[in-house]
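A short worksheet on the structure shown next.
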Amino acid sequence: MKNGPVVARESGPFNFAEASRNIQVRRVLHTVDEVTFELYGVNAPFLNALRRILIAEVPSMAIEYVTINENSTVMNDEFLAHRLGLVPVLADPRLYQFRKEHDVPSSQNTIRFRLRFPSVNKLLRQGRSRTGEDLGAPTAHCPSIPVYSDNIFWEPFSATTNAGTFAPVALNMDQSHSAEEINTCGEAVLKDRRMQEDASSPNAARVQPGILLTKVLPGQRLDIAMEAVKGLGQDHAKWSPVATAYYRMTPKVRLKGEVNGPAAKALRESCPMRVFELEETSGVLKVAHESRCTLCGECTRRLQEKIIGEDDSHRKESGSEDLFEEPNCQTVYESHHVKVCNETKRFMFTIESVGQYRADVLFGEALMILREKCVYLLESLQGDSESTTTRE
Amino acid sequence: MESVPKSALSDRGLPSEHRNGVHSGTQPQERSVQVEENANRSEAVLTFRGEGHTLGNVLRYMISRDEQVQQVGYTIPHPSEDCMKLYVVSKPGVRALDCVKLALFHLTQLCDIVGEKYEEAFAETAE
């Protein structure tokens, strides 16, 4: 039996001290909903695991159960339910637990929302009969009214009468209103106000405002109760806390010596990402925005051959020599003038948050999940290390 | 048969219920790991439940960095089966399972280092 290594080793054995010396993180962009950072000294499989965890395994809250009490709009119930599911729920998922199949809904595992359109307040303010016809039958002059996610209100568990069950407010607005009904309506208004007060508290849950849900015509109504639960992106994309999470190797663009004249102009124009610029006084081409490069290779395609009449005498080859000595570089495109490379140990990682988490905490969450996976497996391997099945 | 308009159903005041997700559970999958070894323990096949490419590739990579390992690979035998298999062959005299444990341990260390450096870089508040 041959004992030679069959493993294609991409790098030497892992060493804690060496890794903590080598690994560098540099912040590039840092806003509430987007971060970009540069990582040096880590490898693609590790970053890919983190990227996959960010997309599919970092939990978030999303609307999962939709009870449609009334929907007289043209949009189908199931379409509307699907659209509601995709509205980001701006609540910190770390404050909630997973709701298992037979769990009783509670403030620990569920966020309740309610969408009423037109709102009860509005109907009362108008002081008209609450029949559809009196609100104005749809006519050719009557534009449809957009319903935005701003109309979705949080319905805390404390505000409902029976914890654990829905208590839909009885508002049968299709019939002429009786005294009794006005009373119910008034109660509903009180409840609405109480909810709005609750909604201003710091731990209130809300949804991303400004998302168009559907359009209604005058007289059409919506009354929908929703329950948001905690879930993972691998079940459904609505639970994914990131809009995008990606990494790429840092591009390196190098000019082979000095480029000026028509070749410089042509190269600058060839790049759709405007990586190159001309120095104002001398007209010499320089690489101004290296990180913009998308590795399209247009700059190497445009000038395959030397431009006729180009003065070759003062071309310096020093630039290209430097490049060949650069470590961890992988050439992607090369031409007479330019060389486009990837630096294989330097990565740009970009995370765009949907809104449930601040973007800068997402990466830490992903690291925690990966770490927890390893710890769990280590423990379970430790446990049954003596009781493993042996085969011949 | 005439199709019933959608509004006719909801106008009867019957609330219709919708469950958006396809899967029965919204919580993380059940996880487990099973180990099979040969007689001299230099060869091991680990069968993971509840893990996929996310852990598979990074674990394969970390194991491949170990110089005591001769061969390592992972596979997901069938996409509809929640199962990931990792195959490790170590040099004679070395237990293959220990290489897996070491790689897992190194992976936790790597997470710690990157996490620490990330915290340092992002210590200041967002713009």
Side-chain angles (χ1 to χ4, degrees), chain A residues 5-7 9 11 13-14 16 19-20 23-27 30-32 37 42-43 45-46 48-49 52-53 64-72 76-78 81-82 85 98 100-101 229 231-232 235-236 360 363-364 367 370-371 373-378 380-381 385 388-392, chain B residues 6-7 10-11 13 15-28 31-33 35-39 51 53-55 57-58 60-62 64-67 69-72 91-92 97 100-101 104-115 117-122 124 126-127:
Chain A
V6 227
V7 175
R9 294 190 209 286
S11 41
F14 180 84
F16 182 80
S20 48
I23 293 171
Q24 288 163 22
V25 178
R26 190 172 64 85
R27 184 169 69 163
H30 187 190
T31 60
V32 177
F37 51 97
V42 289
N43 298 84
F46 179 66
N48 193 44
R52 287 176 63 100
I53 289 172
E64 169 75 352
Y65 301 95
V66 177
T67 307
I68 292 170
N69 296 320
E70 188 177 15
N71 172 21
S72 49
N76 293 311
D77 290 357
E78 53 270 45
H82 179 249
F98 284 101
K100 296 189 182 71
E101 196 84 15
V229 296
L232 303 179
D235 263 0
H236 192 288
D360 51 3
F363 191 70
L367 278 168
L370 182 58
R371 193 183 190 285
K373 269 177 195 283
C374 297
V375 171
Y376 170 83
L377 287 171
L378 264 179
S380 49
L381 287 176
S385 62
T388 52
T389 39
T390 308
R391 45 163 214 186
E392 292 309 309
Chain B
K6 174 215 57 111
S7 57
S10 60
D11 281 350
S16 62
E17 299 219 354
H18 290 270
R19 173 88 203 280
N20 274 327
V22 188
H23 298 263
S24 57
T26 50
Q27 62 274 10
R31 295 180 297 184
S32 73
V33 58
V35 187
E36 282 176 78
E37 287 180 303
N38 69 348
E51 299 291 353
H53 291 290
T54 305
L55 191 77
N57 190 36
V58 71
R60 193 219 89 233
Y61 169 74
M62 290 305 276
S64 79
R65 288 177 70 165
D66 189 343
E67 282 171 352
V69 172
Q70 284 191 338
Q71 198 175 346
V72 58
K91 284 183 179 167
L97 192 61
V100 179
K101 285 185 197 165
L104 281 166
F105 177 62
H106 283 163
L107 203 49
T108 61
Q109 286 190 323
L110 187 56
C111 286
D112 291 341
I113 296 168
V114 174
K117 303 263 168 159
Y118 180 83
E119 291 291 315
E120 274 171 36
F122 281 82
E124 294 153 55
E127 280 156 31

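Just the heavy atoms: all of them, side chains too, but no hydrogens, waters or symmetry mates, feed the values below. Being a predicted model, the structure only gives us computed values, none of them experimental.
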Engaged part of Glu119(B) at the chain A interface, taking heavy atoms whose separation is under 4.5 Å:
neither
Any idea which of Leu377(A), Val375(A), Leu370(A) has the most non-hydrogen atom pairs under 4.5 angstrom with chain B?
Leu377(A)
Residue, of Leu55(B), Val114(B), Val100(B), that accumulates the most heavy atom pairs under 4.5 Å with chain A
Val114(B)
Give the minimum heavy-atom separation between Leu107(B) and Cys374(A), together with the two atoms involved.
CD2-SG, 3.4 Å
Sub-6.0 Å ring centroid separation between Tyr118(B) and Phe37(A):
yes
When you compare the side chain of Ile23(A) with that of Leu110(B), does any pair of heavy atoms fall below 4.5 Å?
yes
Are the side chains of Arg65(B) and Asn43(A) in touch, meaning some heavy atoms are under 4.5 Å apart?
yes
For the student: nearest non-hydrogen atoms of Val25(A) and Lys117(B), plus distance:
CG2-CB, 3.6 Å
Under 4.5 Å from any heavy atom of chain A, what part of Leu104(B) do you find: side chain, backbone, both or neither?
both
For Ala49(A) versus Thr54(B), what's the shortest heavy-atom pair and its separation?
CB-O, 3.3 Å
Any donor and acceptor pair, going by atom type alone, linking the side chain of Tyr376(A) with main-chain N or O of Arg31(B) inside 3.5 Å?
yes
To the nearest 0.5 Å, what is the distance between NE2 on His53(B) and CZ on Arg52(A)?
6.0 Å
Does the side chain of Asp112(B) come within less than 4.5 Å of Arg371(A)'s, by heavy atoms?
yes
